[in-house]
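Note that the structure is a prediction, hence the values are computed from the model and not measured. Each chain gets a letter, A, B and so on, in the order the sequences are listed, and its residues count up from 1.
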2 protein chains.
Amino acid sequence: MPSPSLDFWFDLASNYSYLSVMRIEALAARAGVAVRWRPFLLGPILDALGWEGPPFVVQKEKGAYVWQDMPRQCRKYALPWQQPTEFPRRTVLATRIAVLADDEPWLPDWCRTVMTRNYGDDREVDSPEAVAHMLTALGLPAQRLIEEAGSDANRARLRERTQTARGLGIFGAPTFFVGEAMFWGNDRLEDAIEAALCPPQNQDIV
Amino acid sequence: MPSPSLDFWFDLASNYSYLSVMRIEALAARAGVAVRWRPFLLGPILDALGWEGPPFVVQKEKGAYVWQDMPRQCRKYALPWQQPTEFPRRTVLATRIAVLADDEPWLPDWCRTVMTRNYGDDREVDSPEAVAHMLTALGLPAQRLIEEAGSDANRARLRERTQTARGLGIFGAPTFFVGEAMFWGNDRLEDAIEAALCPPQNQDIV
């Protein structure tokens with residue numbers, strides 16, 4: 001039997017992705033489930049689906065609720081929270097860095113750093129200055145990584161990643177996959193880990 | 001201090017309302033939280049919000065996912081499940097009965113009966129025959145209740161109920177209220193019960 005694993009698709013600008021980015025490593029490690037981090041950009045997918053922007057922005061009532069829900073969820077999970085004064089924040093360079101890092105050991109740290117700066121401190125996370133500051137704080141070669149992140153090859157890698165997400169039928173973030181079984185939303189993180197541990201439960205999905 | 005309670009707003013046609021209708025009584029009773037059942041019609045609210053129909057119907061990718069999510073949720077909660085061949089099903093008469101029952105002791109039983117017939121047995125739940133059959137099985141005077149449910153006074157009561165839901169900012173079902181704090185979705189049922197038990201946690205909602 002292959003060792004249990006799941007794919008974790010998330011968008012660094014997404015507020016519910018924040019909750020999973022912060023929670024997944026400890027939960028998966030405790031369960032003995034390997035996680036493949038798959039940062040992507042949700043924006044182009046929503047455009048392609050014809051949804052006319054993030055649901056929380058387009059549907060004002062739902063958007064208003066989200067800012068009531070988020071502080072409670074953060075309190076529940078003991079995560080820092082400050083309602084961002086800008087939403088969704090631009091995160092293209094930060095995501096290019098994440099895609100460049102791919103399976104580097106510092107990828108989770110990078111994502112947590114970006115997420116807590118945006119949702120814990122209400123600060124922008126995409127200017128070259130902010131990105132350099134965060135990379136340096138992680139002991140990484142900021143200048144070189146920023147250059148590589150902006151290379152044609154890496155831009156193409158992010159576009160491909162996002163195309164792959166679309167091909168998988170992803171319509172929101174975070175989304176987890178255990179084999180072909182899709183689990184949408186931070187509220188399904190525990191279910192996805194459970195499913196990774198009990199593969200027979202995944203077989204009978206309609 | 002007032003005894004802990006929450007308001008439970010749900011739509012008898014809604015699949016995620018099914019999960020909460022089946023779960024709430026046991027969970028709330030164990031926690032010592034009183035539940036006010038508030039059936040309403042989501043359709044007119046979605047119309048008023050300009051959302052052009054149920055999100056799971058309008059947004060096909062999300063809709064496809066829902067039929068992957070529902071059997072897993074039902075397995076998790078040990079609830080019967082058959083994917084309905086018609087969605088959303090018409091439930092106007094069934095909802096008028098529910099509104100007529102208001103705080104009657106048989107209201108929860110009525111809602112569970114309608115829900116399990118729709119989502120557990122894939123059968124229609126709104127014809128006078130089906131409604132009479134279900135009421136009779138609960139030992140209730142079917143003919144009289146169906147007549148009263150269709151009266152002008154009771155139709156007006158359902159319209160008012162739905163207007164009240166709209167005034168509360170409800171945009172989906174199920175939705176729970178603990179005081180003014182809104183909790184949207186079956187995934188928030190446990191949080192809402194928790195909040196009802198710890199009112200100070202509700203005070204600092206932005």
Are any non-hydrogen side-chain atoms of A/L49 and B/K60 less than 4.5 angstrom apart?
no
How many angstroms lie between CG in A/D191 and CG in B/D69, if you round to the nearest 0.5 Å?
8.0 Å
Nearest-0.5 Å distance, CD of residue B/Q59 to CZ of residue A/F171
8.5 Å
Only one of B/Q68, B/E61, B/K62 forms a side chain to side chain contact (heavy atoms under 4.5 Å, CB included) with A/W184, so which one is it?
B/K62
For the NZ atom of A/K76 and the CD atom of B/E194, what is their distance to the nearest 0.5 Å?
9.5 Å
